[in-house]
Enquirer: 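Please see the structure below; I have some questions.
On a predicted model such as this, the values are computed, not experimentally measured, just so you know. Chain letters run A, B, ... following the sequence lines, proteins first, then strands; residues in each count from 1.
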Protein chains: 2
Amino acid sequence: MRSAPPDPVTLGRRATIKEVAELAGVSRSTASRALTGNGYVAEPVRLRVRQAASDLGYVVDAMARSLKQQSTRSIGVLVSDLRNEFYANLAAGASRQATRLGYTTMLIDDQGSAEDEMAAVEAFVAMRVAGVVATTVTPDTTRFLLRQRIPVVEVDRRFSDGDCDAVVIDNRGSARAATRHLLELGHRRIALLIDEDDWTTGRERREGYVDALEAAGIPHEESLVVPTGWDVDAARHAAREVLRGAHRPTAVFAANNVLAEGTWRAAAELGLRIPENLSLVAFDDVPWMSMVTPGVTAVAQDAGAMGRAAVQSLLDRIADPDAGTRTVVLSASLRRRGSTAPPADTVL
Amino acid sequence: MRSAPPDPVTLGRRATIKEVAELAGVSRSTASRALTGNGYVAEPVRLRVRQAASDLGYVVDAMARSLKQQSTRSIGVLVSDLRNEFYANLAAGASRQATRLGYTTMLIDDQGSAEDEMAAVEAFVAMRVAGVVATTVTPDTTRFLLRQRIPVVEVDRRFSDGDCDAVVIDNRGSARAATRHLLELGHRRIALLIDEDDWTTGRERREGYVDALEAAGIPHEESLVVPTGWDVDAARHAAREVLRGAHRPTAVFAANNVLAEGTWRAAAELGLRIPENLSLVAFDDVPWMSMVTPGVTAVAQDAGAMGRAAVQSLLDRIADPDAGTRTVVLSASLRRRGSTAPPADTVL
DNA sequence: CGGTCATGTGGCATCGATCCCACAGAGCAT
DNA sequence: ATGCTCTGTGGGATCGATGCCACATGACCG
């Protein structure tokens, strides 16, 4: 029976700073100073300690550290659905920015459910995260975190106006620009396909649509605002209804990428050619919109930038907890593609 | 000066179990038992403690708990690029499964960089995660974690054959099926567009392609295997080169969704009609492939299922650290769409 | 009435890292 | 010599929750 040398890394338990200190022949205090760089340590001692740590494969126990320091270097990121590219890009931007600034990220996908969301933030509180970036679905979430004195940045949509920082895009202005684009092409009957009204995103997009119509002196026709469910099929059915009639709109403004997909499929099913028979503008540019023929004109919001900005805001807030709350409004741009053209029966 | 009642939640620090115990008029031990449910507590006492906890907004300190218990209920998930839908779906599947099983997730996007990857796993070790699910880019990552005695499950690609559990799909078989589909349609000159060979994914897809050709008795022509970079532009250029010649292939098998996008764009630029002038099969089905006309025939792998399976494997491993390592191979299916048809000059 | 058991409760050490404080020794000026 | 500063090190309390163990109470039996 060969006996392997007792390798503290491969065999025993995980090394602690006490073991590092013993191996280096110093006290725990000195080892701690040598490794963290806080306080005096003679150079040769520092080297000895570092060597011992690496020999033992020592990695600091973040639990013990933050218990003592009463603070962590991690933030919580909460999104509604990672499978949706918008949230995925948002999360990626946030996570990378956090890493860059020396924080680790706890990311939770709450599936858009209020219950899961509350469970998620409880986990964040338990982990004593330094702050949270979230696309919430109820105002309770932010309220709960603020009661626990944990800074929050709401992203994409606002629920707690003024009570916390936020990062959003100019939904109203972008929706107005998209609608104006259609008006300038000569469209007069423009349908708005929209899934909800409770969040600032939906409400503001609708307001922007109305703004543009009013500015053009066009009466706001209630039947052209089409409420629908949140998934592709619901949107497809709703679009089919509104596009079937003889007096159908000449253009559709879809308030998000899912609704745009539904509209696109409905048009194909009805044999409507885009843009000859129907113009289409989408809110939220996603890859398929530039892959199809013709490409879909869309409002492009930079989700990654929103994530980065949110983390930046959060860390600013952590650095100065008493500053006034701030809302960062990012701009979005309209990407013109082939799906929008003057209506067939119009001469400009 | 009005003096507000001293509200422990809104004002002071975060409540500790000691404060809960005092408010309930019991000892810390009893409070702990009442809240965790381990050990005897009389029913009225339990209620009093729970009430006190909720009055104070008490949330357990996960740091202190896991320091004491020497274990955590969180796992690390490491992916290469959240902006890529494949990884986003994988992460979503993993995260949801973990939540379902009572674990929290630390998710890190390492941008496909070996350095970031090592930093990420150091953070995981520091947080004392119970295990890690990762799409790694070097064998070092897994090795490092295993040395720290942290269970690892490699997903999508394997680097540490046999040393740890893994969840992959049947790349070779799926690539074989995709190639065979083209052969059955009558194609004989089939190009393979591929970006790398170092990972098991690329290597196995290539092997599957070769398998199918050999089985059909078709000589493997070296010039039809086209190596390219990893982004859309590189793929587009490479595809343009191979599709330009007179003696061009009648079909292209793109080894992932990015390469398929490049091929699609190159074909459009060259005025090649799909499927009349060129058939296209992709590995990894993504939404645009069913939005464009014609739809793109593709091997669909269920990334969410891979994430779920990986977390399941990880928790199995945590439950039984000494079991033999296991590799779960998920199947993928070929979705036939309009982009594949018999070559123009062939009569079947 | 003493002993045993079941049911509850509290004291206290413990997890690992940090950091305040005390102190040692060296160098230097008074 | 005494007092002072500067550099460097170690002792020990501390963070919050847990869970072992000892002990208290009451019921019940022999």
Enquirer: Taking the side chain as C-beta and beyond, is there a heavy-atom pair between B:C164 and B:E154 under 4.5 Å?
Expert: yes
Enquirer: Compute whether any side-chain donor of one residue and acceptor of the other, for B:S27 and B:T30, lie under 3.5 angstrom apart.
Expert: yes
Enquirer: Rounded to the nearest Å, what distance is computed from the NZ atom of residue B:K18 to the P atom of nucleotide D:dT14?
Expert: 10 Å
Enquirer: Check whether any side-chain nitrogen or oxygen of A:Q69 sits under 4.0 Å from OP1 or OP2 of C:dA17, and answer yes or no.
Expert: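 Checking A:Q69 against C:dA17: no side-chain N or O falls below 4.0 Å of OP1 or OP2.
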Enquirer: Using whole Å, report how far CZ of B:R46 lies from P of C:dG8.
Expert: 10 Å
Enquirer: In this structure, how many angstroms lie between the P atom of D:dA17 and the CZ atom of B:R14, rounded?
Expert: 11 Å
Enquirer: Would you sketch DNA chain C in dot-bracket for me? Only Watson-Crick or G-U wobble pairs with both distances under 3.5 Å count, crossing pairs as [ ], other-strand pairs as |, the rest as dots.
Expert: ||||||||||||||||||||||||||||||
Enquirer: Please assess B:R326 against B:D316 for the test salt bridge (Lys or Arg N to Asp or Glu O under 4.0 Å), listing each intermediate value before the final yes or no.
Expert: CA-CA 10 Å; B:R326 238 180 1 161; B:D316 289 351; 3.3 Å; yes
Enquirer: Would you indicate what B:S66 reaches in the nucleic acid, counting non-hydrogen atoms under 4.0 angstrom: base, sugar-phosphate, or nothing?
Expert: nothing
Enquirer: Grab the CZ-C1' distance between A:R48 and D:dT9 for me, whole Å please.
Expert: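 It works out to 11 Å between those atoms.
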Enquirer: Could you check whether any side-chain N or O of A:R143 sits under 3.5 Å from a backbone N or O of A:T138, counting only pairs where one atom can act as donor and the other as acceptor?
Expert: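 No, A:R143 side chain to A:T138 backbone: no donor-acceptor pair under 3.5 Å.
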Enquirer: Quickly work out the A:I17 CD1 to C:dC19 P distance and round it to whole Å.
Expert: 11 Å
Enquirer: Tell me whether the side-chain N/O atoms of B:Y58 come closer than 4.0 Å to OP1 or OP2 in D:dA17.
Expert: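 Yes, within the criterion.
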Enquirer: So how far is it from B:D163 CG to B:S160 OG, rounded to the nearest 0.5 Å?
Expert: 6.0 Å
Enquirer: Mind running side chain to side chain contact (heavy atoms under 4.5 Å, CB included) on A:T327 and A:V168 for me, showing each step along the way?
Expert: CA-CA 7 Å; A:T327 295; A:V168 295; 4.2 Å; yes
Enquirer: For residues 19-34 of chain B, which residues have at least one heavy atom under 4.0 Å from DNA chain D?
Expert: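 The answer is B:R28, B:S29, B:S32.
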Enquirer: By nearest heavy atom, map B:E43 and B:A64 onto DNA chain C; which one lands nearer the 5' end?
Expert: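 Residue closer to the 5' terminus by nearest nucleotide: B:E43.
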Enquirer: The side chain of B:Y40 is closest to which nucleotide in this list: C:dT9, C:dA17, D:dT18?
Expert: C:dT9
Enquirer: Rounded to whole Å, how long is the line connecting atom CG of A:D61 with atom P of C:dT18?
Expert: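 After rounding, the reported distance stands at 9 Å.
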Enquirer: In whole angstroms, how far is the C1' atom of D:dG16 from the CZ atom of B:R65?
Expert: 11 Å
Enquirer: Can you find a side chain N or O atom of A:Q70 that sits less than 4.0 Å from OP1 or OP2 on D:dT14?
Expert: no
Enquirer: Taking the side chain as every heavy atom from C-beta outward, state whether A:D140 and A:F159 have any pair of such atoms under 4.5 Å apart.
Expert: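 No, their side chains stay 4.5 Å or more apart.
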Enquirer: For B:R158 and B:A166, indicate whether the former's side chain and the latter's backbone hold a donor-acceptor pair under 3.5 Å.
Expert: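 No: the side chain of B:R158 does not pair with the backbone of B:A166.
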Enquirer: Are B:S313 and B:V167 packed together at the side-chain level, in the sense that at least one heavy-atom pair is separated by less than 4.5 angstrom?
Expert: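 They are in side-chain contact.
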Enquirer: Tell me whether the OP1 or OP2 atom of D:dT18 has a side-chain N or O from B:N38 closer than 4.0 Å.
Expert: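 Indeed not, no polar side-chain atom of B:N38 lies that close.
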Enquirer: Roughly, in whole Å, what's the span from CG in B:L67 to P in C:dT18?
Expert: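 For the pair B:L67 CG and C:dT18 P, the rounded distance is 12 Å.
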Enquirer: Quick one about B:Q51 and B:R48 (side-chain donor to acceptor, distance below 3.5 Å, no hydrogens or angles considered), yes or no?
Expert: no
